[in-house]
Amino acid sequence: MSLSPATYKNHPAYGRCSCGNGYCKQVRMAAEEHQQLSAFVKSIHQMLRSEAQKIGADKAWKEHCMKTDILQKYAVSMQKLASTFWEQNSADEKKSAQCRIKWIVEKCVLYFFKGEMEMRRIKEKKKIKKTGNAVEKCGETCALCVRVISSKEVQGDGECLTLLDVGSCYNPFRVYPFLNVIPIDIAPAKPDVYVCDFLNMAVVETEEPVILNGRSVVELPAATCDVVVFSLLLEYFPSPKQRYLCVCKAYNLLKPEGLLFIITPDSKHSSANAPLMKSWRITLAQLGFSLGYYEKLPHIHCMAYRKDIHPEVAKHWAYYELRKQNGVETSSKLYIPQDFQEMQDKSDNIPHPEGERTIQDNASLVQMFSQLPYNSE
Ligand SMILES: C[S@@+](CC[C@H](N)C(=O)[O-])C[C@H]1O[C@@H](n2cnc3c(N)ncnc32)[C@H](O)[C@@H]1O
């Protein structure tokens, strides 16, 4: 694979070249390996999406989960990408993709330990008063929550937050002592990650504390997590319906006032996919999530959704947003740009390389987004 000099110049290894020659063999090899790993990871997502188009998303998913060799290669590639190349990039905040983990941790600290949860609770109380519903339950619901203890985690001294990391791959949150991490993945890259297909994992009602033993997880109790993380997870799924099922499941797993973090890749400027991000926000609000934090970093959207104590608050907001947009019914799908790309490819019958879009592609995407149930602000 041959890369242009401009690609090397943008590569993290370029600045660290010990011989001072940015085009030396070491830099070239690092850049090429980075490129190859990214291409492999993307090709798996692409393969799954085209299988889903041929045989349906459910069947494609089932078959995909049995391809252990491919899953294992994906896990190794992803871990290397994240912990070698993105870790290097994290020295440069502008390029950093690794900073998604830091972003999540920082927001958890602000929200759970620096008073922002209480502030949000007060705001919610005010809003619910406006909508005329009862508020007595505020602040009491957490007492009902069950505790899940991951036997693989070393417990910290103080109060730990239970964080379910879905699609954890290499368990990047393991280093934070205030987190009781439950890392799950269909194909773990590390032995401390539990084998689990989140799509098929059951959410059960129980009042007993749950201790996780063994290598896999098949069910988790409802309302047990302070935090659920989907970091670069949703775009793995070939269908908008599967992504929606994941956020529903996260909703049931979270305690009231818990946070769902969604990190999704997007190298475009902040407004390019704004209509799509808005559509997510409305779909999540219809479940009872309100947007807590949002930031567009250079290659990713970072979002934290709060499971409101009173789902009516977020549902009300969604209702009025939809009314502004001429009232479209509840959506049970979460779209990503690739869904539209492939719709366009199908109608053109012209193959497009994944990733780069032409001006024409962008024009058709804008048109398609404008036909989405929820248009931009
Ligand atoms: C792009 S990687 C992201 C890894 C990590 N979260 C990060 O931010 O670096 C997506 C991960 O999700 C996992 N995954 C995909 N579908 C899953 C499912 N249904 N249940 C559990 N893990 C899943 C994949 O195996 C893969 O490790």
Side-chain angles (χ1 to χ4, degrees), residues 37-49 51-52 57-58 60-87 89-90 96-105 163-175 179 181-203 215-220 227-239 241-250 253 260-266 297 299-303 334 336 338:
L37 292 171
S38 307
F40 175 73
V41 164
K42 279 188 196 168
S43 76
I44 300 303
H45 300 172
Q46 172 71 51
M47 186 181 79
L48 189 49
R49 280 198 296 272
E51 274 307 297
D58 292 343
W61 183 257
K62 226 178 187 173
E63 290 183 4
H64 177 72
C65 289
M66 291 192 291
K67 296 176 183 161
T68 41
D69 292 356
I70 290 181
L71 293 185
Q72 208 43 50
K73 189 172 172 198
Y74 182 104
V76 172
S77 306
M78 189 59 219
Q79 186 192 359
K80 187 148 200 200
L81 256 184
S83 53
T84 307
F85 295 105
W86 295 353
E87 193 76 54
N89 269 342
S90 71
S96 175
Q98 169 65 15
C99 65
R100 69 201 183 289
I101 307 298
K102 287 191 209 146
W103 191 88
I104 293 170
V105 171
L163 180 149
L164 175 67
D165 184 16
V166 185
S168 175
C169 187
Y170 62 102
N171 196 5
F173 293 100
R174 72 191 173 283
V175 293
L179 297 175
V181 186
I182 307 169
I184 59 171
D185 203 298
I186 42 168
K190 294 254 182 163
D192 59 351
V193 178
Y194 297 97
V195 179
C196 173
D197 175 3
F198 188 66
L199 266 184
N200 290 302
M201 189 198 86
V203 180
R215 285 215 56 218
S216 57
V217 168
V218 288
E219 60 180 36
L220 282 175
V227 180
V228 174
V229 174
F230 292 168
S231 171
L232 309 179
L233 173 84
L234 291 179
E235 36 298 315
Y236 196 108
F237 298 108
S239 97
K241 181 93 192 155
Q242 288 171 330
R243 293 174 213 126
Y244 179 76
L245 285 177
C246 285
V247 293
C248 293
K249 209 167 268 192
L253 287 164
L260 166 64
F261 284 92
I262 304 182
I263 308 293
T264 188
D266 185 356
L297 297 181
H299 298 289
I300 43 179
H301 294 270
C302 301
M303 294 162 253
L334 279 185
I336 59 174
Q338 292 88 323

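Ligands are counted one by one from 1 in listed order, and the atoms in each one are counted from 1 as well. Both backbone and side-chain heavy atoms feed into the values below; hydrogens, waters and symmetry mates do not.
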Parallel, tilted or perpendicular, as decided by the 30° and 60° cut-offs, for the rings of F237 and W61: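 Tilted: the ring planes of W61 and F237 meet at 30° to 60°.
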Working for side-chain contact (heavy atoms from CB on, under 4.5 Å), residues V247 and I262: CA-CA 9 Å; V247 293; I262 304 182; 4.3 Å; yes
Pairs where residues 70-81 contributes a residue and the test side-chain hydrogen bond (donor to acceptor under 3.5 Å, both in side chains) is met, not counting sequence neighbours: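 As it turns out, the side-chain hydrogen bond (donor to acceptor under 3.5 Å, both in side chains) pairs with a partner in residues 70-81, which skip direct neighbours, are E33-K80, H45-Y74.
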Minimal non-hydrogen separation, C246 against L234, with atom names: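 Heavy atoms of C246 and L234 come nearest at CB-CD2, 4.1 Å.
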For E235, all residues meeting salt bridge (Lys or Arg N to Asp or Glu O under 4.0 Å), sequence neighbours excluded: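 Per chain and number, E235 pairs via salt bridge (Lys or Arg N to Asp or Glu O under 4.0 Å) with no residue.
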One pair per line, please: each N/O atom of ligand 1 matched with every protein N/O atom under 3.5 Å away, atom names first, then the distance to 0.1 Å.
{"residue": "ligand 1", "atom": "6 (N)", "partner": "G167", "partner atom": "O", "Å": "2.7"}
{"residue": "ligand 1", "atom": "6 (N)", "partner": "S231", "partner atom": "O", "Å": "2.9"}
{"residue": "ligand 1", "atom": "8 (O)", "partner": "R100", "partner atom": "NE", "Å": "3.0"}
{"residue": "ligand 1", "atom": "8 (O)", "partner": "R100", "partner atom": "NH2", "Å": "3.3"}
{"residue": "ligand 1", "atom": "8 (O)", "partner": "S231", "partner atom": "O", "Å": "3.3"}
{"residue": "ligand 1", "atom": "8 (O)", "partner": "S231", "partner atom": "OG", "Å": "2.6"}
{"residue": "ligand 1", "atom": "9 (O)", "partner": "R100", "partner atom": "NH2", "Å": "2.6"}
{"residue": "ligand 1", "atom": "19 (N)", "partner": "D197", "partner atom": "OD1", "Å": "2.9"}
{"residue": "ligand 1", "atom": "20 (N)", "partner": "C196", "partner atom": "O", "Å": "3.4"}
{"residue": "ligand 1", "atom": "20 (N)", "partner": "F198", "partner atom": "N", "Å": "2.9"}
{"residue": "ligand 1", "atom": "22 (N)", "partner": "I186", "partner atom": "N", "Å": "3.3"}
{"residue": "ligand 1", "atom": "25 (O)", "partner": "D185", "partner atom": "OD1", "Å": "2.5"}
{"residue": "ligand 1", "atom": "27 (O)", "partner": "D185", "partner atom": "OD1", "Å": "3.4"}
{"residue": "ligand 1", "atom": "27 (O)", "partner": "D185", "partner atom": "OD2", "Å": "2.7"}

side-chain hydrogen bond (donor to acceptor under 3.5 Å, both in side chains) partners of D165, counting only residues at least two apart: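 So D165 forms a side-chain hydrogen bond (donor to acceptor under 3.5 Å, both in side chains) with S168.
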